[in-house]
Amino acid sequence: MPFPSDTQPSPTQAAFEPGFDSNQDGSHARESVPFQESGPIRIEDDRTGMDVNTLKRAFTDNLFYVLGKSEEFATSYDCYMALAFTVRDRLIYRWMQTVQTYLQADCKVVCYLSIEYLLGRQLKSNLVNVGLYQQTLQAMQELGIDLNRLVNEEIEPELGNGGMGRLAACYLESMATLEIPAIGYGIRYDYGLFEQVIQNGWQRERPDNWLRFGNPWEIPRPEYRVEVKFGGSTEGYFDEQGKYQVRWHPDQVVMGMPYDWLVPGYGVETVNTLRLWSARALQDFNLEIFNEGDYGRAVDERIQSESISKILYPRDDTPRGQELRLKQEYFFASCSLQDIIGLHLHKHGHLRNLHHQAAIHLNDTHPAISVAELMRLLIDEHGFDWDTAWEITQGAIAFTNHTLLPEAMETWKIELFGRLLPRHLEIIYEINARFLDQVRRQFHPDDGRIARLSIIQENPKAVRMANLANVGSQAINGVSALHTQLLRQETFRDFFDLFPDRFSNKTNGITPRRWVLVSNPALAELITDKLGKGWIRHLDSLRQLEAWLEDAEFRQAWRSVKRQNKEALARYIQENAGLTVDLDSMFDLQVKRIHEYKRQLLNALHVVTLYNRLKRSPDADICPRTVILSGKAAPSYQTAKLIIKLINNIARKVNQDPDVQGRLKVVYLTDFSVSLGEHIYPAADLSEQISMAGKEASGTGNMKFMLNGAVTIGTLDGANIKIREEVGDENFFLFGLRAEEVVNLKSSGYRPYEYYENNPLLREVLDQIRSGVFSPEDPHLFQPLINQLLEQDQYCLLADFQPYIDCQQQVEEAYQDTERWTSMSIINAARSGYFSADRAIREYCQDIWHTCAVEIRLDDYDQGRQSQKMREKVISQLPRISGQVAEQGRSRQP
Ligand code: 26Q
């Protein structure tokens, strides 16, 4: 056996468990061997102290001993690495204490399964969360190093596509801050989301080799690897007790290697774990084949195995059933469930109460195979009968849906599914048969309903992952009120009829730590100056800012913060896009994935309308605007890529036109990411949230803008509805069809051409784009975009065009009234408390996971610096800390 069997303690707990036998020689890794001989191990000041001098010393030591660099030859990147290791050391102690406490405490653990995490850069957020930022700033200053420069050296881990992946990251941070026992599981992709470059206006993709210079934030755990099987066949047999059992004979076995990331909460000692799996071959190469001289074939298996975690699939809204994608989904679900089971067995010795101790959360359907995998593990590998296994599985699992687009629903062709996962297909057939039987008995539904509910789709025959997730989950939720309503009434209507109680809404949230404290320090300081620090953990208290709404000095300070942030973004634009922008102009921003339903094209039509206005009356007194867009298109999404090209071509023409006189600028910022977002949100005046109503599940960028004092122009879609409710009609620019109006318009026969015929303004814009005004070198280039609009206009741009233009006119007027705009901006930020991820996580804890907070205490860790005496006490107690920890680990409401 090359790996620990699954009865061995799971990695997480084993690493810190006294008495866990992990040393080659059989000695107990954590028992007091070194302590007895040489006295208690000391955590030296140099290693974990948090004062300025100790930080300086630790930094220079790391530079020298870990990076092998003297100050003379150290590059900025070396210094970043040395500082990263310095911070990591200080997280690890808390992390060990956290894991230890969870092991001892009687607490339920949230296991969050997400195929994507968009974590953002780690250095600054970790410094801030663990309370080291100020000292580190000073330490670096004293060494003559610009901390900001080091922060910007970090290569961002882009292990996600967009909203869903960032939500997972915000939620992990929030769970740690709320002291919720939680572990995130995902995939450690060798290549993250592609890098976007713009060439001649077109998007081009470059591979994202984010690991090329090493990664100080992960800790490999080779000793806790697991095995994952694929393919082959199954065989039924009767065991000694005469019980029918199934054996799976796979034709491929892959190793899952865990890498742990540390997730510190803000203002608490909790440091939770994010465990990402990397796929490895069992053997480096096949020695027999190697010795025969066929070197290529000798490493084939390794290449095959490692391809599983090689690359993140770019968001593909019409999933095309790639074999490797299914392998990814199963690989990470299986690794994670084996880990959860190992952990639970170690703690409880049996699995009967797994669903009371673990809340397994599926972030969309990508890990939905977990339903069948947990059944398989319980029945085939742990000897459970079907009914008990089902009670545990269904009781443990919950699921969030993130999209309403029917074309984005995941299905897998039966042939492919059965070939890769033969045992799971059997289990799914059995789940389906029992489920449909029960439905027939209890509800006497018609055949149409049975066909819609079935996990198996006919013609072409396929496994429907959303149906599997619905059947196998104790709770199902949408991410905004409208989205949940549409799930209940449309997308999952048949399931809602069956199990209405399983459905609930959990409006998304964002973490105020990254999205203000880290990214907008000027605003954070102004708020803290007025409110103290409480808002950082209780975002609702931002409402108290309204007490200063009429205070002239405060209003001036508010404007000056925005100005400062606009200056910083302007510098970025100058450096990266070579454009000078007017700081007095309105910064009008739309940043998100490029998708037709998000209607970046509608924004472009508005820009051309403004341009035409300026051309017609060059002396018109209009409000200067800088329209900034950013976002990636899926590489295979041709229409989205053409929209990017159009925006860039419009920018080229508008920005060069002397008639415009700098009153309108169009900027396309390449390669949108979490880090670029951190630059953008603080600098925005206007936030564009203009999706066709009924399509954006929630949106979270809308919340980031609001929190940073931008005002929204938007439709009644996703969380915009709640934003408008919070700020009031007068502080939100609303336009466009409502979701039900879209449905009515379409069912009564939508004829976009009529809008073109009847609206000269619109006609002019469309004619210009279609006739090549923005693409003289290829006049027909944008014809397909315009023809689409005139013939079909799936996302009702033409119907919403005039209301949007009119609304933008109102925005302009408001912006020109500086005092009015200042009030709107303050009110938007002050009322953003509801959108804290902390509120969302509390709701998940109460309604879905039924978990509590567990306080982590480093009793003697006074501001992170222990006295000699106390250090010795803590360390020498580690191996027998259980009593103390059990007492510490008492549960309380988050
Ligand atoms: C599917 C198949 C193959 C490859 C990739 C995919 C794939 C990957 C990611 C499909 C969809 C996604 C991501 C979806 C997503 O981000 N949805 C967004 O979720 C946010 C958080 O709930 C919401 O705020 C957004 O409204 C929603 O669009």
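For ligands, and for the atoms within them, numbers begin at 1 and follow the listed sequence. Keep in mind the model is a prediction, meaning the values are calculated, not measured.
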Check: Tyr844 and Ile180 side chains under 4.5 Å, non-hydrogen atoms: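 No, side chains not in contact.
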
Hey, does [X] come in under 3.5 Å of ligand 1, counting only N/O atoms on both sides?
X      : result
His366 : no
His402 : yes
Ser698 : yes

For [atom], closest protein heavy-atom neighbour:
atom                    : value
atom 1 (C) of ligand 1  : Asp316 O, 3.5 Å
atom 9 (C) of ligand 1  : Glu116 OE2, 3.5 Å
atom 10 (C) of ligand 1 : Arg315 CG, 3.9 Å
atom 25 (C) of ligand 1 : Glu696 OE2, 3.4 Å
atom 16 (O) of ligand 1 : Met164 N, 2.9 Å

Ligand-residue contact atoms, ligand 1 with [X], heavy atoms, under 4.0 Å:
X      : answer
Pro314 : 4 (C), 5 (C)
Asn508 : 21 (C), 22 (O), 23 (C), 24 (O)
Ala697 : 26 (O)
Tyr597 : 28 (O)

Pi-cation contact, [Y] with [X] (under 6.0 Å, within 45°):
X      : Y      : result
Lys695 : Tyr795 : no
Lys722 : Phe835 : no
Arg488 : Phe503 : no

Any donor and acceptor pair, going by atom type alone, linking the side chain of [X] with main-chain N or O of [Y] inside 3.5 Å?
X      : Y      : result
Asp685 : Phe587 : yes
Tyr804 : Leu797 : no
Ser673 : Leu676 : yes

Contact partition for Arg325 relative to ligand 1, non-hydrogen atoms under 4.0 Å: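 It is the side chain that touches ligand 1; the backbone stays farther off.
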
Side chain, backbone, both or neither: the part of Gln322 lying under 4.0 Å from ligand 1 by heavy atom: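 Neither; no heavy atom under 4.0 Å.
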
Residue selection (non-hydrogen contact nearest atom 23 (C) of ligand 1) among Ala719, Gly699, Gly165, Ala408: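 The nearest heavy atom belongs to Gly699.
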
CZ/Arg325: more than 12 non-hydrogen atoms of other groups inside 6.0 Å: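 Yes, the 6.0 Å shell around CZ holds more than 12 heavy atoms from other groups.
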
Flag if over 12 foreign heavy atoms under 6.0 Å of NZ, Lys413: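 Open: at most 12 neighbouring heavy atoms sit under 6.0 Å from NZ of Lys413.
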
Check: His366 ring centroid to Phe332 ring centroid under 6.0 Å: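 His366 vs Phe332: aromatic centres not under 6.0 Å.
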
